[in-house]
Amino acid sequence: MVVTFGPVALVAEIVMAPSCTRRCFLAAATSAAAGLALSRLPNASAAAARKPNILYIMADDLGYGDLGSYGQKVIQTPNLDKLASQGTRFTQCYTGSTVCAPSRSVLMTGLHTGHTTVRGNAGKGGRVPLRAEDVTVGEVLKAAGYATGMTGKWGLGEPDTVGLPNRQGFDDWFGYLNQKHAHDYYPEYLWHNEQKVVLKGNAGSKRQEYSHDLFTDFAEKFIRRHADRPFFLYLPYTIPHAKYEIPDTAPYTNKPWKANEKVHAAMVTRMDRDIGRLMGVLEELKIADNTIVFFCSDNGAAERWEGRFDSSGPLRGRKRDLYEGGIRTPMIVRWPGRVKAGATSPAAWYFADVLPTLAELTGATPPAGKLDGVSVAPTLLGKDQPELNERFLYWEFFERGFQQAVRWGKWKAIRPQPGRPLELYDLDADLGEKHNVAADNPAVIEKIETYLKTARTESERWPVPAPKAEGGKQPKKAKTNKK
Ligand SMILES: [Ca+2]
């Protein structure tokens, strides 16, 4: 039974440990069975005794260019820069979508927007929750024995739906369910599991409890409470999403900038400070080396802040675009001794890969059905995965009609509206997606068009609109479909 799980080499190492009794062997072997990826590493046997904790931190609407380690010159992010220096910085990692809810749905389910349940912030008939049959990364890690926590913005289920975090694998969570509610940084209430928690400091017009600070407090307590067992803490911060509210714009208060610019910068720096605080807690508890820390954004920059921060960096577009500025994210992964420190990786991967990756890193069992993502654990651990360059990454987006995007090797294709020809960009030569080279590469277009024929399934809640006639008028058939 033991051998059917873990690679033989790892089991052999455990068997040969001199002081190991049968009981100790079984405990270690169970742990090893649950630690496949660890076994690929030279010093795996010691680490295999204890599954790694996972701290997955995600900002909201943070741009590709907002961090010092990704080229930001103005906003200070010393703690995240340190995280990058201690881990690997991925330059071609992508979110699940160009807006909040579908991106989170992809992250949670390992399915891209052409298959996942929540394909937009709202669908036909309003917001759509995850379904009971959706298997989230929370459920996958919980089943592997992890304590599962979440704090911040959920966005995948309203009260009294099966989409609630507690019904999707999270033991303990605190924050916003509803995305619009999350625009308010001084809410009158938040949720702790299925209970409403009234924030007295924000009653009426009072502004004393900044929700972001409460999430950091919750995260710290969760980590302390679970320091002696494997935990998965998902921390989807709401910063730096609008509204532009913050207790203090330091250290930018005296800058000659617009008010919202000061708030944006101060939000990012405040989040950075708090991530530094959580890293300090991991160090204090002596679990920093056994905790895999991820940091990313949920979609591209909401504002480009051109000439001030240039939050999309060198990329075209921003949130709500399928150009790179809408979907490419900073991604930093830190795991001392395992994920290479101070390294940069151009491997192309995306949110759909997170579930299978975390499953492999923790020895959890991924859901039975086919996922769109693959495990990029080998890539995180510094191994080549040339197959990542051969697969297709897929996005679709329903606001402003219907757009689709595909990444395939160096190529990026976008269909801006149904029925329109694909645009094609060579990202190696043209990171800013300025030159549509579709006409010069018919074989590439044909290959991507063939892929698109089977890339997605229909969703009742997000019907694809019929192609618009030239000039923007809907053909008659589309009108009947719109009811
Ligand atoms: Ca967002």
Side-chain angles (χ1 to χ4, degrees), residues 56-67 70 75 80 93-109 112-113 116-123 127-130 150-158 163 165 175-185 187 211-212 215 234-246 260 263-265 267-268 270-272 275 294-305 309 311-313 315 317-332 350-352 354 395-400 403 405:
Y56 195 98
I57 308 169
M58 185 166 77
D60 196 341
D61 290 8
L62 181 92
Y64 186 75
D66 272 331
L67 304 183
Y70 282 79
I75 303 170
L80 284 163
C93 188
Y94 293 89
T95 60
S97 173
T98 187
V99 294
C100 301
S103 198
R104 285 151 213 262
S105 186
V106 172
L107 180 71
M108 284 295 114
T109 62
H112 63 47
T113 36
T116 200
T117 297
V118 183
R119 300 193 190 184
N121 282 345
R127 293 193 192 276
V128 174
L130 288 178
M150 194 285 269
T151 186
K153 173 168 121 184
W154 177 243
L156 298 174
E158 298 289 312
Y176 300 100
L177 285 177
N178 180 287
Q179 296 169 157
K180 207 156 193 176
H181 188 206
H183 295 179
D184 184 0
Y185 281 89
S211 62
H212 166 85
F215 300 148
Y234 169 45
L235 180 47
Y237 275 138
T238 49
I239 274 179
H241 195 296
K243 298 186 290 198
Y244 294 106
E245 300 181 312
I246 196 163
N260 283 354
V263 176
H264 173 78
M267 279 178 156
V268 174
R270 191 181 193 90
M271 175 182 68
D272 177 86
I275 290 169
F294 293 79
F295 176 84
C296 64
S297 182
D298 72 329
N299 50 250
E303 301 281 346
R304 292 175 57 88
W305 309 107
F309 309 127
S311 289
S312 289
L315 309 179
R318 59 178 174 140
K319 181 179 181 181
R320 291 194 158 78
D321 290 320
L322 291 180
Y323 295 109
E324 298 288 289
I327 55 176
R328 201 185 278 213
T329 176
M331 175 64 88
I332 299 168
Y350 71 158
F351 276 15
V354 170
W395 298 263
E396 62 184 42
F397 185 54
F398 292 83
E399 296 179 28
R400 307 172 186 169
Q403 305 170 49

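Ligands are counted one by one from 1 in listed order, and the atoms in each one are counted from 1 as well.
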Less than 6.0 angstrom separating the ring centers of W305 and H264, yes or no? yes
Ring centroid separation Y176 to F215 under 6.0 Å: yes
Below 3.0 Å, any N, O or S contact between N299 and the Ca ion (ligand 1)? yes
Check this for me, if you would: do K319 and D60 make a salt bridge, where the nitrogen-to-carboxylate-oxygen distance has to be below 4.0 angstrom? no
To the nearest 10 degrees, calculate the angle at the Ca ion (ligand 1) involving OD1 of D61 and OD2 of D298. 150°
With the Ca ion (ligand 1) at the center, what angle do OD1 from D60 and SG from C100 span, rounded to 10 degrees? 90°
Parallel, tilted or perpendicular: which fits the ring planes of Y234 and W154, with parallel below 30° and perpendicular above 60°? perpendicular
